[in-house]
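Report on the structure given below.
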Amino acid sequence: MGRSARFFRSAAIALACAMASASGRAQATRPNILVIQADDLGYGDISAYGQSRFQTPGLDRLAREGIRFTNYYAGSTVCAPSRAALMTGLHTGHTWIRGNGEIPLREEDLTVAMVLRDAGYRTAVIGKWGLGRPGTPGQPDRKGFEYAFGFLDHRHAHRQFTDHLYRNAEPVAVDVNQDYVNDLFTREAASFVEATDSRPFFLYLNYTVPHAELRVPQDSLEPFKDGFPETPFVNATADARLTGPDDASLGYRSQPAPHAAFAAMITRMDRDIGRLVDLLRTRGLERRTLVLFISDNGPHQEGGGDPVFFKSSGGLRGIKRDLYEGGIRVPMIARWTGAIPAGRVSHHVWAHWDIFPTVADVAGAAIPHGLDGISMARALRGRPQPAHPFLYWEFHERGFQQAVRMGPWKAVRLAKDRPLELYNLDADPREQTDVAPKQPAVVTSIERYLASARTDSPNWPVK
């Protein structure tokens with residue numbers, strides 16, 4: 001081999017080594033992403049956001065070690081469209097799923113899991129999915145998840161004890177008398193984190209807490225049994241025991257100790273989130289993992305749920321199924337040790353449909369065109385962040401309703417032919433005083449936006 005050939009061969013090897021080294025550094029700098037979503041957890045349902053009837057030390061610690069956002073919004077005021085907004089990066093004026101039911105995602109619907117999988121992430125959804133049953137285009141493995149475990153539809157997910165769940169769209173038996181489903185979700189999440197795999201991970205963990213039915217293992221219930229007044233229950237069968245496992249689901253029916261069960265469910269979830277965070281630390285993943293904690297909508301009152309007693313809306317107006325703040329504003333805690341400033345509180349306004357572009361951004365993946373969401377990576381790092389000019393929601397269970405947030409202004413329309421209500425959230429966070437008659441210019445600006453905020457949907461007509 002001549003001198004020039006050896007030179008070029010050496011140069012090629014050096015270049016290949018440099019490229020491999022750069023690729024390795026890029027792989028190492030891409031964070032794991034853990035998104036934890038609670039089910040019907042209100043803005044005031046954890047102590048970091050003001051809950052005083054019980055404490056959530058695990059989530060409080062997460063807030064101390066990261067950023068607590070005070071103006072974060074769910075994708076909708078009920079479950080399915082909220083989760084669809086998170087997965088697709090589209091608000092409910094553009095998502096395929098705009099209300100509850102069993103309408104699955106379509107083949108053409110792009111999800112954040114698909115983008116991260118294609119960028120080299122191993123992906124899993126554990127817990128409640130709700131965007132496609134087996135055999136539909138919305139089945140989790142058809143939407144970017146290499147691994148799935150839990151409930152696939154919403155009605156099944158009302159049960160906290162069941163005889164089966166799904167692993168990769170195949171039913172698997174569980175013990176209806178022993179296996180509290182959220183314990184299984186924590187165990188599966190821990191196994192996924194511990195798996196030997198050089199790729200970064202995206203784990204979407206969905207607890208069914210504190211959604212009705214309000215049931216929890218006895219060891220978590222006991223500390224609260226005598227601590228709360230309990231109102232007489234109705235429509236509970238005679239054999240429906242307190243909240244322990246039996247072979248009949250309570251569903252949305254009330255039961256004898258809903259206050260105790262509600263507090264016990266949230267504190268048990270908090271304990272398990274703390275254990276998962278500890279697992280990240282012991283495995284040396286703390287500085288390599290972005291953790292986000294959110295809820296899918298505001299607090300419920302089914303099955304004995306009592307948002308008034310617990311002040312679950314955090315002083316905001318409304319609950320689940322309302323487009324007032326209490327129905328859609330939810331907790332958001334973000335922690336990424338070394339990248340996110342600790343102990344910060346941010347009032348930046350963002351929503352579920354921003355999760356997709358945000359995690360794609362921090363993962364170094366391409367952000368698709370056409371999303372309603374924008375990357376909030378700068379807000380996560382405590383830096384100046386471009387804001388949405390508008391946030392939009394629509395809701396169809398009570399006729400066609402709309403809501404818009406524009407800076408400090410919040411507009412709500414309760415029927416298609418009703419005038420807008422307008423509130424200044426800076427001065428009136430509880431939405432008590434409709435100032436629309438005094439702010440015609442603001443109303444006009446929002447009406448102009450609403451003219452192009454949505455597309456028509458065959459499944460969700462305006463009526």
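Every value quoted in this text rests on a predicted model; they were computed, and no experiment measured them.
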Do we see a donor-acceptor contact under 3.5 Å between the side chains of Thr92 and Ser76? no

Test item: side-chain donor near acceptor, Ser295 and Gln37, under 3.5 Å: no

Pairs where residues 270-297 contributes a residue and the test ring-ring contact (aromatic ring centres under 6.0 Å, His included) is met, not counting sequence neighbours: none

The single option from His396, His91, Glu394 that satisfies side-chain hydrogen bond (donor to acceptor under 3.5 Å, both in side chains) with Arg98 is Glu394

Side chains of Tyr180 and Ser220, donor plus acceptor under 3.5 Å: no

Can you tell me if CD on Glu146 sees more than 12 non-hydrogen neighbours from other groups inside 6.0 Å? yes

For residues 425-435, which residue pairs pass the side chain to side chain donor-acceptor pair (under 3.5 Å) check, not counting sequence neighbours? Lys410-Glu431

Going by the rule side chain to side chain contact (heavy atoms under 4.5 Å, CB included), which residues pair with Ala351 if we only count those two or more places apart in sequence or in a different chain? Tyr73, Trp353, Asp354, Leu391

The single option from Ile36, Leu86, Leu292, Leu34 that satisfies side chain to side chain contact (heavy atoms under 4.5 Å, CB included) with Tyr204 is Leu86

Pairs in or reaching into residues 34-47: which pass salt bridge (charged side-chain N to carboxylate O under 4.0 Å, His left out), with residues at least two apart or in two chains? Asp39-Arg83, Asp39-Lys128, Asp40-Lys320

Identify, with sequence neighbours excluded, every residue that meets side-chain hydrogen bond (donor to acceptor under 3.5 Å, both in side chains) alongside Thr289. Asn32

Regarding Asp153 and Arg155, does a basic nitrogen lie under 4.0 Å from an acidic carboxylate oxygen? no

So, Arg167 and Glu170, do they make that salt bridge, N to O below 4.0 Å? no

Can you list everything that forms a salt bridge (Lys or Arg N to Asp or Glu O under 4.0 Å) with Glu421? Sequence neighbours excluded, please. none

Residues at least two apart in sequence or cross-chain that pass side chain to side chain contact (heavy atoms under 4.5 Å, CB included) with Pro386, listed by chain then number, are Arg378

Partners of Thr162 by side chain to side chain contact (heavy atoms under 4.5 Å, CB included), sequence neighbours excluded? Phe151, His156, Arg159, His164, Leu165, Val174, Val181

Does one side chain, of His352 or Tyr72, offer a donor that lies under 3.5 Å from an acceptor on the other? yes

Any side-chain donor near an acceptor of the partner, Thr88 and Asp109, under 3.5 Å: no

Name all pairs fulfilling the ring-ring contact (aromatic ring centres under 6.0 Å, His included) condition that reach into residues 255-274, sequence neighbours left out, sorted by first residue then second. His259-Phe309, His259-Phe310, Phe262-Phe310

Would you list the pairs meeting salt bridge (charged side-chain N to carboxylate O under 4.0 Å, His left out) in which at least one residue belongs to residues 331-342, sequence neighbours left out? Glu65-Arg335, Glu286-Arg335

For Glu397, enumerate each residue passing the side chain to side chain contact (heavy atoms under 4.5 Å, CB included) test, keeping only those at least two apart in sequence or located in another chain. Val78, Asn100, Arg321, Phe395

How would you list, by chain and number, every residue that makes a salt bridge (Lys or Arg N to Asp or Glu O under 4.0 Å) with Asp361, sequence neighbours excluded? none

Indicate whether any N or O donor in one side chain lies under 3.5 Å from an N or O acceptor in the other, for Tyr49 and Gln51. no

Below 4.0 angstrom, N of the basic side chain to O of the carboxylate: do Asp278 and Arg275 qualify? no

